Structures are given as C-alpha cells and as structure tokens.
Amino acid sequence: MGKNKKANHSKREEEKANKIVKGIFIALIVLALITMVGYAVYG
C-alpha cells in the first residue's frame, strides 16, 4: 500500500510540473506574438 501511495503522489507531482511547463510555453508564445505585433505596428 505504501508503494501505491508514493506512485500516486509522484504522478500528481508530474502532472503539476507538466501544467507549469505548458503554462510557461504558452506565456512565451504569447510574449513572442505581442513582440512581433509591437514591431510591426511601431517598427
């Protein structure tokens, strides 16, 4: 039972890490788009 609990916990941690990584990727893409639009408008 102890092993199963540990496996579930690490799975949850992994999912949390994946969400954070996905969030960072989306933020970077949005930032790149804003930068490109900014250069196009003000460049």
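Quick caveat, the model's predicted, so the values are computed rather than measured.
Residues forming a side-chain contact (heavy atoms from CB on, under 4.5 Å) with I26 (at least two apart in sequence, or on another chain): V30. With sequence neighbours left out, E13 forms a side-chain contact (heavy atoms from CB on, under 4.5 Å) with H9, K16. Listed by chain and number, the residues in a side-chain contact (heavy atoms from CB on, under 4.5 Å) with L31 amount to none (sequence neighbours excluded).
Cluster note: L28 groups with I20, I24 through ILVMFWY side-chain heavy atoms spaced under 4.5 Å, whether in direct contact or through intervening members.
Hydrophobic clustering, with ILVMFWY side chains joined whenever heavy atoms are under 4.5 angstrom apart, keeps Y42 apart from I34.
K22 contributes atom NZ, which lies 10.0 Å from atom CD of E15 (distance to the nearest 0.5 angstrom).
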